[in-house]
Amino acid sequence: IETIVIYGIALILFVVSFIYNKEKTKKGLLKGMKSFIKLFPILIPLFIIIGILLAVVTPDYISKSLGENSGIVGYLFALIVGSITFLPPFVAYPLGVELLESGAGYSQVAGFLVTLMSVGLVYFSAESKYLSKKAAIYRNAVSFIGAIIVILIVLAAY
């Protein structure tokens, strides 16, 4: 139902935009298509890799590694893997849903997703080059601590 509502709202807003200004709407559609075409080569391998991982990694393994009974090891595993990996949000959130459906715990998935999108060990060298090494370390440390806080909040909520 949520998907239908979201698409319905998008369609209504598209029609309103088209009625209000046809030229800007056409330009926006063209710009969106160009962006999608640029992203498409990146998306396909990501979806393939996630599909393969979810096919190879069994729900039993996910439940043991990231399940509610995984303890501190599960939290550390989620935080470390999330810190090392990088996925854009539109790929990360569906992965989080898949992990939950495969038996992972809410707090472990929350920590995984927060570190996945905020701690950037993969981009550390580029980040330290453009900002500074000190700034990159601080930002990653604060993001990691933030992920731990999110885990504690979700843990308290469930």
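All values reported here derive from a predicted model rather than from experimental measurement. Just so you know, these numbers use all the heavy atoms, side chains as well, and skip hydrogens, waters and symmetry mates.
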**Message:** Treating S17 as the side-chain partner and L13 as the backbone partner, does any N or O pair qualify as donor plus acceptor under 3.5 Å?
**Reply:** no
**Item:** Separation of L76 CG from S70 OG (nearest 0.5 Å)
**Value:** 9.5 Å
**Expected output: side-chain R139 to main-chain V119 donor-acceptor under 3.5 Å** = no
**Asked** Do L116 and Y93 belong together in a cluster built from hydrophobic side chains that touch within less than 4.5 Å?
**Response** yes
**Complete:** Nearest heavy-atom contact between S118 and S143 is O-OG, 3.4 Å
**Prompt:** Should the heavy atoms of other residues, nucleotides or ligands under 6.0 Å from CD of E127 be counted, would the total exceed 12?
**Reply:** yes
**Complete:** Here the pair of heavy atoms bringing P89 nearest to P94 is O-CD, 4.1 Å
**Complete:** Closest non-hydrogen atoms of A110 and V154, given as atom of the first, atom of the second and distance, are CB-CG2, 3.8 Å
**Asked** Does CG belonging to L30 count more than 12 external heavy atoms closer than 6.0 Å?
**Response** yes
**Asked** From L113 CG over to L95 CG, what is the distance, rounded to the nearest 0.5 angstrom?
**Response** 7.0 Å
**Message:** To the nearest 0.5 Å, what is the distance between CZ on F36 and CG on L29?
**Reply:** 13.5 Å
**Request:** Could you tell me whether a side-chain N or O of Q108 sits under 3.5 Å from a main-chain N or O of G67, the two making a donor and an acceptor?
**Result:** yes
**Fill in**
For N21 and T25, the nearest pair of non-hydrogen atoms, with its separation, is O-OG1, 2.8 Å
**Item:** A147 versus G111, closest heavy-atom pair with distance
**Value:** CB-O, 4.2 Å
**Message:** To the closest 0.5 Å, what do you measure between OH (Y75) and CD1 (I80)?
**Reply:** 15.0 Å
**Distance (rounded to the nearest 0.5 Å) between K133 NZ and F124 CZ** = 6.0 Å
**Complete:** Between I151 and S107 the two heavy atoms that sit nearest each other are CG1-O, 3.4 Å
**Message:** I need the F144 CZ to L79 CG distance, nearest 0.5 Å.
**Reply:** 4.5 Å
**Worked check of side-chain contact (heavy atoms from CB on, under 4.5 Å) between F112 and L66** = CA-CA 9 Å; F112 172 70; L66 294 174; 5.6 Å; no
